[in-house]
Amino acid sequence: MVPREVSSLIGMQYCLLGTFFVVILNYGGTSMDGKTQVVEAIKKALPDVNQEDIESKIERPKDNKNGDYAFPTFFLAKIKHQAPQMIAADLVKEIDQSGFENVVVAGPYINFFLNKAQIAAGILSDIITDPENYGNANLGNGGNVPIDMSSPNIAKPMSMGHLRSTVIGNSLANILTKVNYNPIKINHLGDWGTQFGKLMAAYKMWGSEEEVKADPINTLQKYYVRFHQEDKENPALDDDARAWFRKLEDGDEEATYLWKWFRSESLKLFMKIYDLLGIDFDSYNGEAFYNDKMDEVVQMLEDKGLLQESKGAEIVDLEKYNLNPALIKKTDGATLYITRDLAAAIYRKRTYNFVQSLYVVGNEQQNHFKQLKAVLKEMGFDWSDDIHHIPFGLITQGGRKLSTREGRVILLENVLDDAINLARKQIAEKNPDLKNADEVAKQVGVGAVVFHDLKNERLNNFDFNLEEVVRFEGETGPYVQYANARAQSILRKAGNPDLTNVNMELGDADAWEVIKMLGQFGETVQRASREYEPSVIAKYSLQLAKGFNQYYAHTKILVDDDEKLARLALVTAVSDVLKSSLSLLGVQAPDEM
RNA sequence: GGAGCGCUAGCUCAGCUGGAUAGAGCAUUCGCCUUCUAAGCGAACGGUCGUGAGUUCGAACCUCACGCGCUUCACCA
């Protein structure tokens, strides 16, 4: 019952890394951002209003004819006993306009137009001088954040549901790194439980070694489904399964051998998918890892007098949290899911001394995590508040929940293969001379699937539709990748000139629309980290790609004039930020496609 | 019944802490490759923001009630 060798090794290595993770990063740019400038100007004209009020009222107009920032004066009407229009008209006279291109009254609003060329140069220069660190912030002070993610079940194929947990967790890890947390990606494998009893029973009845070796997961899956079909007719099968699981728990040689074998075969196949996705983990400590750590937890509960007997089972009452009691031990003395998770939570606190602990697990388990936190709270662990369940919506097919038992699954492998093949076909059509076409097809195909999963709010359910997932046009991953590839293509044609010291002042409206978005990257990253929401980044990348495509369509970049190098700086900066955004999502950005 | 999430254009979804005529993509129709990648750009069409009250100078957003959908509610994970 010793968990995988690999896992403990990697876990240990990590701890060391975590301890030494002190890095000096460049946080944010050097130029003053537009909003601060607006706040300063208003503050001087309104000395008796406090700064927070001003800051909170300032907004970014949807329509750019209303300026880059706007200040509504409604809230001053009561204080000044004047109509907002009057206040705005008076106020604008008091404002020092020297740092702006224009400051105008529009009814009850004061609209600020920034000095575009100057701000543009500041933003572009910030990006180009240090593209890697552009948008970084120090929100986390290097604190450890274990992320429980992916967590597929051994002997079952990875489904679209696991993809969600995997890519959301991975993206959150990337985002948290950018705001200076130290994420620890934990693959909490489903490598223990009564399903192994069923699997062993099924294998002994109908299985063969050759068959399993040829196609491990699908074969095991087949046994599992068949077991569930037949035990409806023949309930005695369940007793057989229970007996096998008992054997496993008691360390029976054959059972243990089969367990290890199933586990390692499964893991091999999972690794292929993780490689394709470009995702790795810091720990593979799954459920089995906590087998020997639950007694202590039960003892602690006992010592603190939290354990009660109810209907023959051991529970922790959570009445005062308005929750159902947490079942710690079954009538037969066996532990349950929550017991294991309690052990895991405590282990993680001890091992990583986390500042936050995240669980990227489906929305349908939210009750479980509420209970988990409540029990830890009852145990006197204040750090229970640092545990956050990051739920995500259900994937359905034809409106129905996917069910492994009923064999209704969407195999992730198939989806990825379909996407890659389609990408390969498109390349053959649109860019037949591309050298590393197979590699790019992988990047584009996988990118489409991953991006599709991250583009909408986590909690939205979605009904699986292959055509939609592997779509390459419109609001998709390939759309963003394509914008970057176009940018790279221009830079190649221009001979990749050194741009570090060129004049980057661009004042035209088309360029400004793009540059303004570039300037919003940092706040976007912070919002994504605050809300644990990768879709914020995905949406941003789409918007930036769209802005760039528009610029590209309307502005000829490679013409020899005074602003050519400035335009190339813009193209470089766009590519840098698009790459950063995609990388935060875990999506590759090929230079050609 | 308790708890949670959702309801915005034909479909899929944005809409940041309430703010100026509610925005994209897909689909449909129509334009744009004599050279920076058309996986693109542009235009048209399309919405009583589930319903009803309330708070507010102002509500898709906040409060309450109701309707519909999904998830979950002790011996699975």
Side-chain angles (χ1 to χ4, degrees), chain A residues 55-57 59-63 66 70 72 74-75 77-78 83-84 106-109 111 151 153 190 192-195 287 310-315 322-332 334-338 340-341 361-368 370-371 391 393-394 396 399 401 405 423 426-427 429-431 434 444 448 455-457 459-463 465 467-468 471-476 478-483 485-494 523-524 527 530-531 535-536 539 542-543 545-546 549-559 567 571 592-593:
Chain A
E55 259 183 64
S56 68
K57 295 292 175 193
E59 55 190 83
R60 256 197 307 264
K62 289 173 212 133
D63 195 330
N66 290 323
F74 302 100
F75 78 108
K78 273 193 193 139
Y109 290 87
N111 294 335
S151 313
N153 292 319
W192 200 254
T194 47
Q195 75 269 22
E287 293 174 358
S310 170
K311 300 176 190 169
E314 306 269 353
I315 64 154
N322 197 19
L323 291 168
N324 292 314
L327 255 189
I328 303 297
K329 271 189 167 184
K330 301 203 279 189
T331 319
D332 66 3
T335 56
L336 284 125
Y337 187 45
I338 195 162
R340 208 170 284 273
D341 261 351
V361 180
N363 192 20
E364 64 271 25
Q365 290 198 33
Q366 86 167 242
N367 208 45
H368 167 71
K370 278 188 188 163
Q371 289 185 320
L394 209 62
T396 54
K401 196 177 169 178
R405 291 189 179 189
Q426 296 244 19
I427 291 170
E429 226 174 86
K430 299 178 185 206
N431 198 353
L434 190 61
V444 173
K455 123 181 125 172
N456 290 324
E457 238 175 273
L459 273 167
N460 291 354
N461 294 344
F462 75 83
D463 201 63
N465 176 314
E467 292 81 69
E468 221 168 88
R471 177 166 283 156
F472 298 159
E473 287 145 28
E475 296 177 325
T476 65
Y479 177 88
V480 180
Q481 290 174 319
Y482 183 64
R486 282 177 140 184
Q488 284 299 322
S489 174
I490 289 179
L491 296 173
R492 269 196 308 277
K493 290 233 158 84
E523 62 192 81
T524 304
R527 190 182 148 206
R530 212 170 45 236
E531 298 174 7
S535 70
V536 168
K539 288 262 152 53
L542 283 169
Q543 208 196 335
K546 179 165 185 161
N549 275 332
Q550 284 168 341
Y551 181 74
Y552 180 97
H554 301 312
T555 308
K556 187 85 184 150
I557 293 155
L558 292 178
V559 285
R567 285 193 300 272
V571 174
E592 288 181 73
M593 63 187 270

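We name chains A, B, ... by the order of the sequence lines, and we start the count at 1 in each one.
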What nucleotide among [options] has an atom nearest to a side-chain atom of [X]?
| X | options | answer |
| --- | --- | --- |
| Lys493(A) | A39(B), C36(B), C76(B) | C36(B) |
| Tyr337(A) | G42(B), A77(B), U71(B) | A77(B) |
| Asn461(A) | C75(B), C70(B), U21(B) | C70(B) |
| Lys78(A) | A77(B), A14(B), C57(B) | C57(B) |
| Phe462(A) | C75(B), C13(B), A39(B) | C13(B) |

Given atom [atom1] of [X] and atom [atom2] of [N], what is their separation to the nearest angstrom?
| X | N | atom1 | atom2 | answer |
| --- | --- | --- | --- | --- |
| Glu467(A) | U12(B) | CD | P | 15 Å |
| Asn66(A) | G23(B) | CG | C1' | 16 Å |
| Tyr479(A) | C41(B) | OH | C1' | 9 Å |
| Leu434(A) | A39(B) | CG | P | 13 Å |
| Trp192(A) | C76(B) | CH2 | C1' | 16 Å |
| Asn456(A) | G6(B) | CG | C1' | 13 Å |
| Asn431(A) | A38(B) | CG | C1' | 13 Å |
| His368(A) | U72(B) | NE2 | C1' | 13 Å |

Could you tell me whether [X] contacts a base, only the sugar-phosphate backbone, or nothing, with contacts defined as non-hydrogen atoms closer than 4.0 Å?
| X | answer |
| --- | --- |
| Ile315(A) | base |
| Thr555(A) | base |
| Gln365(A) | base |
| Asn111(A) | base |
| Pro61(A) | base |
| Ala326(A) | nothing |
| Ile557(A) | base |
| Val571(A) | nothing |
| Ser535(A) | nothing |
| Glu457(A) | sugar-phosphate |
| Leu542(A) | nothing |
| Asn460(A) | sugar-phosphate |
| Ala485(A) | base |

Using purine N1 to pyrimidine N3 plus N6-O4 or O6-N4 for Watson-Crick, or N1-O2 and O6-N3 for G-U wobble, each under 3.5 Å, what pairs with [N]?
| N | value |
| --- | --- |
| A14(B) | none |
| C64(B) | G52(B) |
| A22(B) | none |
| A59(B) | none |
| C75(B) | none |
| G42(B) | C30(B) |
| C5(B) | G69(B) |

Counting only side-chain N and O atoms of [X], is one of them less than 4.0 Å from OP1 or OP2 of [N]?
| X | N | result |
| --- | --- | --- |
| Arg530(A) | U17(B) | no |
| Arg527(A) | G15(B) | yes |
| Lys539(A) | A14(B) | no |

Ignoring hydrogens and geometry, is there a side-chain-to-backbone donor-acceptor pair from [X] to [Y] under 3.5 Å?
| X | Y | answer |
| --- | --- | --- |
| Glu592(A) | Ser489(A) | no |
| Asn461(A) | Leu394(A) | yes |
| Lys370(A) | Leu323(A) | no |
| Asn431(A) | Met593(A) | yes |

Minimum heavy-atom separation for [X] and [Y], please, with both atom names.
| X | Y | value |
| --- | --- | --- |
| Ala545(A) | Val480(A) | CB-CA, 4.0 Å |
| Phe472(A) | Pro478(A) | CD2-CG, 3.4 Å |
| Gly190(A) | Asn153(A) | CA-OD1, 3.4 Å |
| Tyr479(A) | Lys546(A) | OH-CA, 3.1 Å |
| Ala448(A) | Arg471(A) | CB-O, 4.2 Å |

Query - Note: Glu531(A)-Lys539(A) ion pair, threshold 4.0 Å (strictly below) - result: no
Report task. Mark yes when over 12 heavy atoms from residues, nucleotides or ligands other than Lys329(A) sit less than 6.0 Å from its NZ; otherwise mark no. Result -> no
Query - Separation of Leu336(A) CG from Lys330(A) NZ (nearest 0.5 Å) - result: 6.0 Å
Query raised in the report: Roughly how far apart are Leu491(A) CG and Leu558(A) CG, rounded to 0.5 Å?
Result: 8.5 Å
Check the interface with nucleotides 3-5 of chain B: list each N/O to N/O pair with the protein under 3.5 Å, or write none.
from	atom 1	to	atom 2	distance (Å)
A3(B)	O2'	Lys370(A)	NZ	3.4
G4(B)	O2'	Gln366(A)	OE1	3.0
G4(B)	O2'	Gln366(A)	NE2	2.7

Report summary line: Residue pair Gly312(A)/Ala106(A) against RNA chain B: nearer the 5' end by closest nucleotide is Ala106(A)
Requested in this report: Measure distances between side-chain N and O atoms of Asn549(A) and base N and O atoms of A38(B), and say whether any donor-acceptor pair falls under 3.5 Å.
Outcome: no
Query - Under 3.5 Å donor-acceptor pair, Ser489(A) side-chain atoms to C36(B) base atoms - result: no
Measuring only the [atom1] atom in each nucleotide, how far is [N] from [M]? A whole number of Å is fine.
| N | M | atom1 | answer |
| --- | --- | --- | --- |
| A3(B) | C57(B) | P | 33 Å |
| U17(B) | C61(B) | C1' | 11 Å |
| U21(B) | C62(B) | C1' | 24 Å |

Requested in this report: Quick one, give me the B/S/- string for nucleotides 25-32 of chain B, reading 5' to 3', where B means a protein heavy atom under 4.0 Å from the base and S means that only happens at the primed atoms, P, OP1 or OP2.
Outcome: SS------
Query raised in the report: With a centroid cutoff of 5.5 Å and a plane-angle limit of 30°, would you call Tyr552(A) stacked on C41(B)?
Result: no
Query raised in the report: Does the pair Thr396(A) and Asp463(A) meet the rule for a side-chain hydrogen bond (donor to acceptor under 3.5 Å, both in side chains), with working shown?
Result: CA-CA 5 Å; Thr396(A) 54; Asp463(A) 201 63; 2.6 Å; yes
Report summary line: Given the 90°-from-0 boundary between syn and anti, C33(B) should be labelled syn
